[in-house]
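A short write-up of the structure that comes next.
FYI, side chains are in, hydrogens and waters are out, and symmetry mates aren't considered; it's all heavy atoms of this structure. Letters go in sequence order (proteins before strands), and every chain restarts at 1.
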Number of protein chains: 2
Amino acid sequence: MQSKPSPITMDAVYTAPGYLFRRMQQIAVSIFVEECSAFDLTPVQYAALVAIHTHPGIDATRLSAVIAFDRSTLGNVIERLESKALIERKPSREDKRVKLLYLSKAGATVLRDIMPSVERAQVRMLQPLKPADRKTLLALLTQLVDLNNEASRVPLRAEDALEHLGKAG
Amino acid sequence: MQSKPSPITMDAVYTAPGYLFRRMQQIAVSIFVEECSAFDLTPVQYAALVAIHTHPGIDATRLSAVIAFDRSTLGNVIERLESKALIERKPSREDKRVKLLYLSKAGATVLRDIMPSVERAQVRMLQPLKPADRKTLLALLTQLVDLNNEASRVPLRAEDALEHLGKAG
DNA sequence: CCCATATTGTCAGTATACTGTCAATCTAGA
DNA sequence: TCTAGATTGACAGTATACTGACAATATGGG
């Protein structure tokens, strides 16, 4: 017996995990931008600042691995952060291809000052859920992202992507 | 006593719901495109096709409410679907501003044929979790998206957005 | 009927994201 | 050492997403 194809309704969209992830991403960005409007920083730019703060002198390729962005995308992000004078780019002496990234004074200040707003945004995203459910969702999401890591073009290569920093570079 | 600001580490990024949602969205799109590569349809284009299939003669503004996209974004999506001859746009007789959207024969065929691939993609996204956890995650996500509906620029206005279709138009 | 207001599709501008390509450069193996 | 292959940053092209603006059109109150 063949199973008949079910009729196509909007439920096919509304209940699909892919749709829910897209929708939640939209909402999350919206909340972030609203809470952080005073700083004129997008979520991506914020993540890049944190990574450069944590790993001063990182290069663009390694940065892309550490925050799981495409190298192409990251190029533009870096450009914008540089034009806002939040970061500095210095050519590496050991490898003429590489440009090393550093937080500027202004960048460090912005990063320090934006943290409470970021924190508020993150809380707001999960606020509508009961506390226990927030924990559950976060745990499952963390698990799922980790287990699906290889499915995206730029898998996350957290800290260990930097193990050979200064050795190869 | 003031609480000291915690040191800024990558954990501030990795454990933030906003980061996890962005990451999961990347992964979801990646899986969708891979499974549906034979059809050259993006997730957004697929959602638009389903909505137009379900509501033939819908206009762009109402379509945007039904799938929760920006009207601006949707304009380009519609253009692409039209240039692929998957949909048709006909001017409304009652309202000269409005262009009504219909699935073409080709559009209906593509939509019918792509469904199994879409289904596979949706399954794959949650595959790494235990079955019970998939259910839990999906339920919490559905809840959260619903409760946060108003937080995004274009809140979802599902079917009831169409209640007055043909009355006002 | 007229006009203030709202709606519709469109456009310009910005910012992710991805694919694919390229020249410059580096590295490792023969 | 010389060179095949890899890496790096950059670029072009496509596709979401959003903000804000606009002309054309529609609607409702006076």
Side-chain angles (χ1 to χ4, degrees), chain A residues 18 21-23 25-34 37 40-48 58-65 67-84 89 91-101 152-154 161 164 167-169, chain B residues 18 21-23 25-34 37 40-48 58-65 67-84 89 91-101 151-154 164 167-169:
Chain A
F21 289 133
R22 182 176 65 73
R23 195 84 188 85
Q25 154 74 0
Q26 282 180 337
I27 292 166
V29 171
S30 180
I31 290 175
F32 184 102
V33 169
E34 194 180 317
S37 59
D40 188 33
L41 267 196
T42 66
V44 169
Q45 289 167 11
Y46 158 76
I58 195 175
D59 63 277
T61 296
R62 259 166 262 263
L63 181 57
S64 107
I67 49 184
F69 291 26
D70 199 87
R71 237 163 12 117
S72 298
T73 305
L74 203 54
N76 302 324
V77 176
I78 289 173
E79 224 169 78
R80 271 168 230 127
L81 288 175
E82 200 182 15
S83 80
K84 289 194 227 180
R89 247 193 301 197
S92 161
R93 233 165 303 172
E94 292 104 33
D95 189 331
K96 288 179 192 167
R97 296 169 304 177
V98 168
K99 297 180 183 177
L100 306 177
L101 303 170
S152 66
R153 185 194 186 187
V154 185
H164 306 290
K167 219 190 283 184
Chain B
F21 289 133
R22 182 176 66 71
R23 195 85 186 85
Q25 154 74 358
Q26 282 180 338
I27 291 166
V29 171
S30 180
I31 290 176
F32 184 103
V33 169
E34 194 180 316
S37 60
D40 188 33
L41 268 196
T42 65
V44 169
Q45 289 166 13
Y46 158 75
I58 194 174
D59 62 279
T61 296
R62 261 165 260 264
L63 180 58
S64 109
I67 49 183
F69 290 26
D70 198 87
R71 236 164 13 119
S72 299
T73 305
L74 203 54
N76 303 324
V77 175
I78 288 174
E79 223 170 79
R80 271 169 230 124
L81 288 175
E82 199 182 15
S83 80
K84 288 194 228 179
R89 247 193 300 197
S92 161
R93 232 165 303 171
E94 293 104 30
D95 189 332
K96 288 180 192 167
R97 296 169 303 178
V98 168
K99 297 181 184 176
L100 306 176
L101 302 171
S152 66
R153 185 193 188 187
V154 184
H164 305 290
K167 217 190 282 184

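- Here the C1' atom of nucleotide D:dT14 and the CG atom of B:Leu81 are 14 Å apart, to the nearest Å.
- Rounded to whole Å, the distance from CG on A:Asp40 to C1' on D:dT19 is 13 Å.
- Side chain to side chain, B:Gln25 and B:Arg22 fail the donor-acceptor criterion of an N or O pair below 3.5 Å.
- Atom pair B:Arg80:CZ and D:dG13:C1' shows a separation of 12 Å (rounding to whole Å applied).
- Using a 4.0 Å heavy-atom distance criterion, B:Thr73 is classed as a base contact.
- In this model, a side-chain donor or acceptor of B:Ser72 finds a partner on the base of D:dT19 within 3.5 Å.
- Summary of the strand contacts: A:Arg22 and A:Glu79 both lie near DNA chain D, and taking for each the nucleotide with the nearest heavy atom, the more 5' one is attributed to A:Glu79.
- If you take CD1 of A:Ile58 and C1' of D:dG9, they are 15 Å apart, rounded to a whole angstrom.
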- [ ] Evaluate side-chain contact (heavy atoms from CB on, under 4.5 Å) for B:Ile58 paired with B:Leu100, printing each intermediate quantity in order.
- [x] CA-CA 6 Å; B:Ile58 194 174; B:Leu100 306 176; over 6 Å; no

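- A:Glu79 meets the side chain to side chain donor-acceptor pair (under 3.5 Å) test with no other residue; sequence neighbours excluded.
- Judged by distance alone, with hydrogens and angles left aside, the side-chain atoms of B:Lys84 form a donor-acceptor pair with the main-chain N or O of B:Asp40 at under 3.5 Å.
- The nearest heavy atom of DNA chain D to A:Arg89 and to B:Phe69 marks one nucleotide each, and the one closer to the 5' end goes with A:Arg89.
- Checking B:Gln26 against A:Lys84, the closest nucleotide of DNA chain C that is more toward the 5' end is the one next to A:Lys84.
- The shortest distance between side-chain heavy atoms of A:Leu41 and A:Leu81 falls below 4.5 Å.
- Distance CG/B:Leu74 to CZ/B:Arg62: 13.5 Å, rounded to 0.5 Å.
- For the pair A:Lys96 and A:Asn76, nearest-nucleotide mapping onto DNA chain C gives the more 5' position to A:Asn76.
- Between the CD atom of B:Glu82 and the C1' atom of C:dT10 there is a distance of 14 Å, given to the nearest Å.
- Heavy atoms of B:Val77 sit under 4.0 angstrom from primed sugar atoms or phosphate atoms, though from no base atom.
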Using a cut-off of under 3.5 Å, enumerate the N/O to N/O pairs linking the protein to nucleotides 5-8 of chain D.
from, atom 1, to, atom 2, distance (Å)
D:dT7, O2, A:Arg97, NH1, 2.2

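- Between B:Gln25 and the phosphate of D:dA17, there is a side-chain N or O to OP1/OP2 separation shorter than 4.0 Å.
- Here the C1' atom of nucleotide C:dC18 and the CG atom of A:Leu74 are 13 Å apart, to the nearest Å.
- Look at CD1 on B:Ile78: it is 13 Å from P on C:dT8, rounded to the nearest Å.
- Residue A:Glu94 contributes atom CD, which lies 13 Å from atom C1' of C:dC26 at whole-angstrom precision.
- With values rounded to the nearest 0.5 angstrom, A:Ser64 atom OG is found 9.0 Å from A:Asp59 atom CG.
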